[in-house]
Each structure stands twice: as C-alpha cells, then as structure tokens.
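Notes to accompany the following structure.
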2 protein chains.
Amino acid sequence: MPRSPTPRRRATLASLAAELKVSRTTISNAYNRPDQLSPELRRRILAAAERMGYPGPDPVARSLRTRKAGAVGLMITESLNYWFSDPAALDFVAGLAESCEEAGQGLLLVSIGPNRSVEEGSGAVLAAGVDGFVVYSASDDDPYLAVVRQRQLPIVVVDQPKDLPGCSRVGIDDRGAMRGLAEYVLGLGHREIGLLTMRLGRDWPHPKPRPAVADPQRVESPHFHVQRERINGVCDAMAAAGLDPAALTVVESYDHLPTSGGAAAEVALAANPRITALMCTADVLALSAMDYLRAKGIYVPGQMTVTGFDGVREALQRGLTTVAQPSAEKGRRAGHLLHHPPGSGLPVIEVLDTEVVRGRTAGPPA
Amino acid sequence: MPRSPTPRRRATLASLAAELKVSRTTISNAYNRPDQLSPELRRRILAAAERMGYPGPDPVARSLRTRKAGAVGLMITESLNYWFSDPAALDFVAGLAESCEEAGQGLLLVSIGPNRSVEEGSGAVLAAGVDGFVVYSASDDDPYLAVVRQRQLPIVVVDQPKDLPGCSRVGIDDRGAMRGLAEYVLGLGHREIGLLTMRLGRDWPHPKPRPAVADPQRVESPHFHVQRERINGVCDAMAAAGLDPAALTVVESYDHLPTSGGAAAEVALAANPRITALMCTADVLALSAMDYLRAKGIYVPGQMTVTGFDGVREALQRGLTTVAQPSAEKGRRAGHLLHHPPGSGLPVIEVLDTEVVRGRTAGPPA
DNA sequence: GTGAAAGCGCTAACAC
DNA sequence: GTGTTAGCGCTTTCAC
C-alpha cells in the first residue's frame with residue numbers, strides 16, 4: 001500500500017484551493033456550508049483533501065476568525081489531589097462536563113496547584129483558549145481571581161467567592177442548610193459540639209500542617225466564606241436554642257487526605273473531651289472521622305454522633321447523617337449559564353435546594 | 001471609585017501600540033520578553049494596558065502565530081457516567097492533569113457520549129485547539145479514532161487500541177497480570193470460574209441492556225482487546241492447569257453502574273451454579289458483586305471467592321483480592337510523552353508494572 | 001454557485 | 001532597545 005503523500009509543508013485551505021483552482025471560500029464552504037456548493041464539487045474537494053492530507057480547517061485559525069474558542073475553562077487553584085479525592089467536586093465536574101458535551105463544547109481544565117508560582121499560574125490562565133471560565137469554590141483572596149477577570153470573559157462562580165461583580169453564581173444556602181442539620185442534632189440533645197472544617201484560609205497560621213483548633217477570629221476570617229457560613233449555620237442553631245456559640249470547638253484541617261477527618265476528630269476530642277457530636281463541613285471529613293472513631297472503639301451513633309455535608313454516594317451508602325446538595329446539578333447549571341447566557345445580560349444567582357438526610361450516624365448523646 | 005473605561009471595541013495589542021505611539025513589537029515584548037525593553041517603558045505599557053482594559057495578548061491569536069495551543073486533548077468517547085464512576089479512570093485523569101500542570105499546559109476534555117451523532121462528535125474533535133491527543137482505552141473500531149488521526153497531531157494511546165500506527169502507547173501486560181491472579185485462584189482449588197467483564201464491543205448483541213453470557217466467538221471479537229486479554233490471561237492459567245478454558249463462564253455487563261457487577265454475578269451464577277469463584281475485569285464490578293453476594297447471604301470468601309482488577313482505593317480498603325495497576329502513573333506517562341516527545345521521533349511503548357494483591361476475598365472453594 | 005478582498009490579533013525576522 | 005514587514009490559516013461580506 002502506498003503511503004499517503006506527506007508534504008513537507010502541511011496542507012492548508014489555501015493550498016487546497018490552489019491545487020483545485022477554486023477559491024478559498026469554496027473550500028471553506030465545503031466544510032462549513034455544504035449547501036453552498038454542488039455536491040459534486042464538494043466531493044471532489046473532500047477527496048482532494050484526503051489525498052493531500054489536509055486535516056480540515058485549523059481550529060485555532062477558525063477560532064481567531066470567529067472569535068469563539070468552543071471551550072470553557074475550569075480554574076482549579078487547589079491541588080489536584082484535593083479535587084480528585086473529593087467526590088463532591090468530581091460530581092460537579094461531571095455535571096459541568098455533561099453540560100459541555102451537550103453544547104458541543106470542550107472543557108479545559110486549567111489547574112494551578114499550590115506548587116506553581118503565581119506567575120506560572122497566571123500564564124496558564126492567560127493562555128487558555130476559552131470562551132468563558134467557571135470558578136469553583138475559590139477563596140475570596142485567590143490571586144488568580146484577578147487574572148481570570150482580566151481576561152474579560154464571562155465568568156460563572158460556583159459557591160464562592162460570593163460577590164464577584166458582574167458574574168453569575170450558582171450555589172446553595174450553606175448557612176441555612178447547616179442550620180437545619182444543627183437543629184436536628186441539637187434536638188437530639190447534644191450540647192457540646194465539635195465542628196470539623198476544611199481550611200478556612202489560604203494561609204496556615206500554625207507551624208505544622210496538622211489540624212488545629214480555630215479561634216473565633218480565624219473563623220471570622222473572610223477567605224472561604226462557604227466554610228464560615230456553614231459554621232455560622234451551626235451557631236445560628238445554637239443561639240436559637242439558647243446556647244453560647246462560643247462553646248463550639250472548631251477544628252480546621254490543613255489538608256484533604258483520606259485521613260484528615262480522623263486527625264481533626266482527634267484534635268477536637270482532645271481539646272474538648274465532653275464533645276458528643278462531631279459535625280463536619282464535608283462528607284469526606286465525616287467518613288474519615290468515622291473510620292477514626294471505629295478504630296478507637298468509639299461507637300457511632302451510640303457514643304458519638306457524626307454528621308457530614310454534601311451527600312456523596314459513599315456517605316449515603318454508609319448511612320451518614322448529612323446535608324445532600326446537588327453537586328452535579330451545580331455543574332450543569334454553571335455550564336448552562338456559560339453556554340446560554342441569560343438574555344438580560346445581567347448576572348444571575350441560582351440557589352439550589354438542599355436536604356437534611358437523617359442517616360444512622362446521629363442519635364442522642366451518651 | 002470610577003469604573004474603568006470600557007471601550008466599545010475591545011483593546012488590542014495594536015490599539016495599545018497606537019495609543020502609546022510605540023510599535024506592536026514593543027508591546028508584545030512587554031508581555032513576552034521583558035528583558036527586551038526598558039523597565040520604565042514596560043511599566044508605562046502595562047499601566048496603559050490596565051487603563052485601557054487590555055486583557056493581554058489574545059491566546060488564540062498567539063496560538064495561531066506560534067503554532068502551539070498550550071493544551072492537550074483527552075478524548076472521552078464513552079459516556080461521562082462511565083468515566084466519573086470508575087475510580088481507575090479518574091486516577092488516570094488525575095495523573096494526566098498532574099503532568100499537564102507541571103508542563104504548564106491545559107487539559108481539554110473532549111467528551112462525546114453515545115448520545116451524540118458521529119457528526120457532532122467529529123466536530124468536537126476537529127474543533128479542539130490542542131497540541132496533541134490522549135486516547136484512553138478506546139475500542140479498536142471507535143469511529144472517532146479516524147477523526148483524531150486526521151488531525152495529524154501527536155497521539156498517545158493508553159491501554160487500547162493496541163496498534164495505532166505511529167502512536168506511542170502506555171499500558172500494562174493485561175494478559176500476564178490476569179494470568180498471575182488466575183493462577184493464584186486456581187491454586188486455591190477453584191475449578192468453576194465465572195468471569196465478569198465490561199462490554200466486549202461497542203455493539204450489544206442482545207435485546208435488553210442486561211448482563212449476558214458471552215459466547216467464545218463474542219469473546220474473540222476484537223474490539224476491546226484489554227478485556228479480551230484479561231480473559232485470555234485466565235484461559236492461559238486454566239490451560240496451564242490442565243483445565244478446559246471453554247468451561248469458563250464469561251458474563252459481559254452492558255453498562256457501568258454501581259450495581260452492574262451484582263447483576264452480572266447473578267447472571268453468571270444462574271448460568272453455572274457450580275461456580276466457586278467470580279473473577280472480574282474491574283474492581284468496580286467486583287465490589288458491586290460483593291455487595292450483591294452479601295445481600296444474598298453468600299459469604300465471601302467462605303462461599304464465594306471474588307477478585308477484581310485495578311487496585312482502586314475502595315477495593316484495597318475493602319480487602320479485595322485484585323491486580324493493582326498504576327492508573328495515575330499511566331496518566332503521568334501519557335502526559336509526559338506528549339509534553340516531552342522522545343527525541344527519536346519514533347513511537348514508544350511503555351508497559352508499566354502490576355502486582356497481584358492478595359486480599360481477603362479469595363479462599364479455597366467451599 | 002463561486003471568487004476577490006479584507007482582516008481576526010498576534011509574533012518572528014530582521015533592520016535600524 | 002525599538003520599529004518595519006510579513007505572515008500564521010481561516011471566514012466573511014459583497015460582488016459577480
């Protein structure tokens with residue numbers, strides 16, 4: 001079999017046109033507007049393309065001309081480990097990917113781990129050939145936020161930051177949802193509660209990367225308002241029940257490993273041995289805490305109540321008492337907002353529903 | 001605070017140059033080669049850019065000029081559900097993403113579910129602004145294979161198809177790995193084995209989308225050779241043990257749901273009640289089969305041996321006897337091959353190591 | 001149904 | 001250090 005002729009210089013639309021002695025428009029039409037030329041001519045063109053090894057119109061050149069990249073970017077400013085170990089984040093990506101697929105668009109993962117310099121990271125954001133960006137759960141002071149905004153492309157924020165001028169957002173009522181769950185836990189009779197949360201800020205005010213008790217001031221630090229809102233939800237419920245929210249033991253986890261929740265639980269229980277309920281701001285933390293408690297021989301819910309947040313599959317399977325939020329739907333909505341921007345041109349805030357799931361991990365205090 | 005002036009027409013490098021009465025090269029240099037101009041001038045340029053709302057060099061135009069897109073594409077021709085519910089696939093993506101991040105490149109997910117027409121799908125592949133493609137575990141007759149190849153970009157294949165001319169590949173010795181596991185199972189004394197596998201071809205030769213026994217001819221169908229190789233690995237072990245490989249009950253699962261393995265197990269046990277060991281070509285199938293057996297009151301490994309393949313986290317946690325393969329490393333290698341192509345220009349085949357993990361789910365037959 | 005001309009926004013040679 | 005000149009490969013009026 002003869003090898004197809006591989007010209008030095010790659011074939012372009014223009015070279016094809018020259019070869020066939022037709023105009024470039026005609027070639028372009030053969031690919032983009034089949035109805036604009038005779039089927040016969042089109043066939044001839046496509047055959048010649050094949051013969052000359054012309055791969056079809058260059059997507060980049062087309063993008064430049066049409067001002068459409070055909071893809072949306074997803075900024076990932078946390079470490080990839082974080083992302084790929086949080087089922088809720090993955091569900092979100094799945095939903096977003098689904099929406100992109102439906103719209104025939106690509107999804108460009110722009111990931112900039114903490115090991116990259118801000119310069120490198122900015123380069124990646126600036127280099128992304130996309131028509132818009134999704135920002136997922138970024139801290140208010142994320143240095144890359146300014147960079148995406150600089151691009152002057154449509155942005156859809158998911159969860160946080162809460163107020164990015166001109167940007168649509170999809171999220172949930174974190175505070176209300178957590179309050180609902182806390183009311184349930186308080187209703188069971190718990191008074192000493194440990195609250196296990198993800199990192200509250202990009203910085204880490206302790207010498208070691210281990211979980212640590214967060215003082216009220218740290219809790220009020222504005223950087224990851226989703227975590228703060230969930231904490232506030234618990235405080236709301238406590239205040240409503242006549243309890244002092246200051247009694248809450250908040251433990252913040254530095255990283256996001258499968259064992260982080262357990263480590264945080266240990267710190268919480270050491271800080272306040274009278275705790276009878278561990279409320280976590282993420283299912284992954286709660287599941288890990290449960291593993292830790294089991295290893296310690298502490299029975300759940302008999303000796304310790306544990307709750308989560310997210311409603312990921314594993315949590316529901318294991319009967320975790322938690323708040324279920326529609327992570328995949330968030331992704332779909334975010335994609336939709338980018339692919340079909342609201343006619344008004346005005347930013348939209350979509351708040352999705354959540355549901356308290358009464359599982360088998362919460363009971364009356366021992 | 002005054003709003004920044006938002007000109008009708010978006011600022012471009014040229015308009016900035018005109019405004020500042022310098023050449024476009026100088027502006028370009030201010031962004032790309034800071035050492036090529038005086039810091040003072042650069043500062044002035046950047047300030048003017050800020051003032052005029054110039055977002056920096058357009059990535060698409062730059063790509064056209066430099067012939068570099070700064071991203072690699074990942075073709076996803078299975079349904080997204082499939083991808084996001086298989087931890088092994090996710091580990092792979094995580095590894096690939098890691099490698100992209102390291103190289104400062106983007107990762108473009110080009111997903112074309114089974115619900116898209118081939119035309120739509122081809123459009124997506126043809127429209128991807130990337131410097132190369134990763135093809136992950138595609139069937140030999142995947143219609144999009146021809147489309148990616150048409151792009152004439154570097155391609156790295158992961159797992160399958162096995163022979164894509166001119167393309168590097170990273171994979172494992174599926175047959176040998178599975179043979180090793182089967183030898184262990186046979187060594188325990190099992191003689192009647194059920195083999196649960198993913199779909200063997202893109203087509204589905206049965207009326208209903210339920211698991212079904214695959215006849216030898218179907219097993220030999222060439223489309224997903226990874227599955228076939230793993231099956232052959234078991235056959236090898238059986239033949240070496242003096243058993244007739246034809247006695248193997250192969251059940252093929254149509255879809256990839258959390259319950260698929262259980263459904264397949266049911267079909268296998270119905271087809272051959274004497275089965276004492278269920279070997280699965282993926283951990284997700286095995287875990288689901290275990291759930292099914294538990295629900296049926298069949299004790300593992302006392303009454304039934306179950307094995308998997310992949311070595312995903314949940315499987316290891318649950319003590320599944322399986323073959324561990326380095327999924328994330330596959331992703332990293334694939335990315336590396338794309339970002340740092342071998343000097344020779346010749347395609348490379350990388351075969352990574354696997355390991356039989358003797359867990360707690362295999363024992364002597366009852 | 002087909003073609004000519006204009007230009008998307010940028011960077012790379014090369015000259016000054 | 002800075003400017004001039006040429007495109008990268010394509011699509012899009014608009015005229016024929």
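A, B, ... follow the sequence lines: proteins, then strands. Residue 1 opens every chain.
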Does T26(B) have a side-chain nitrogen or oxygen under 4.0 Å from the phosphate oxygens OP1 or OP2 of dT2(D)? no
Remember a base hit wins even if backbone is also touched, and classify D35(B) as base, sugar-phosphate or nothing at under 4.0 Å, heavy atoms. nothing
What does nucleotides 10-16 of chain D look like as a protein-contact string, B for base, S for sugar-phosphate only, - for none, at under 4.0 angstrom between heavy atoms? BBB----
Is it the case that more than 12 heavy atoms not belonging to Q150(A) sit under 6.0 Å from its CD atom? yes
Can you tell which of dC8(D), dT2(D), dT2(C) lies closest to the side chain of L64(B)? dC8(D)
In the structure I gave you, are the side-chain heavy atoms of C167(B) and P347(B) within less than 4.5 Å of one another anywhere? no
Residue pair L16(B) / M52(B): nearest heavy atoms and the distance that separates them: CD2-SD, 3.8 Å
Could you state the CD1-P distance from I45(B) to dC10(C), rounded to the nearest angstrom? 13 Å
Going by atom types alone, do N81(A) and S79(A) pair a side-chain donor with an acceptor below 3.5 Å? no
Is L74(B) close to F133(B) at the side-chain level, that is, under 4.5 Å between some pair of heavy atoms? no
Aromatic ring proximity, centroids under 6.0 angstrom, F84(B) and F92(A): no
So how far off straight is the helix from dG1(C)-dC16(D) to dC16(C)-dG1(D), going by the axes through five pairs at either end, to 10°? 20°
With sequence neighbours left out, what residues match E329(A) under salt bridge (Lys or Arg N to Asp or Glu O under 4.0 Å)? R332(A), R333(A)
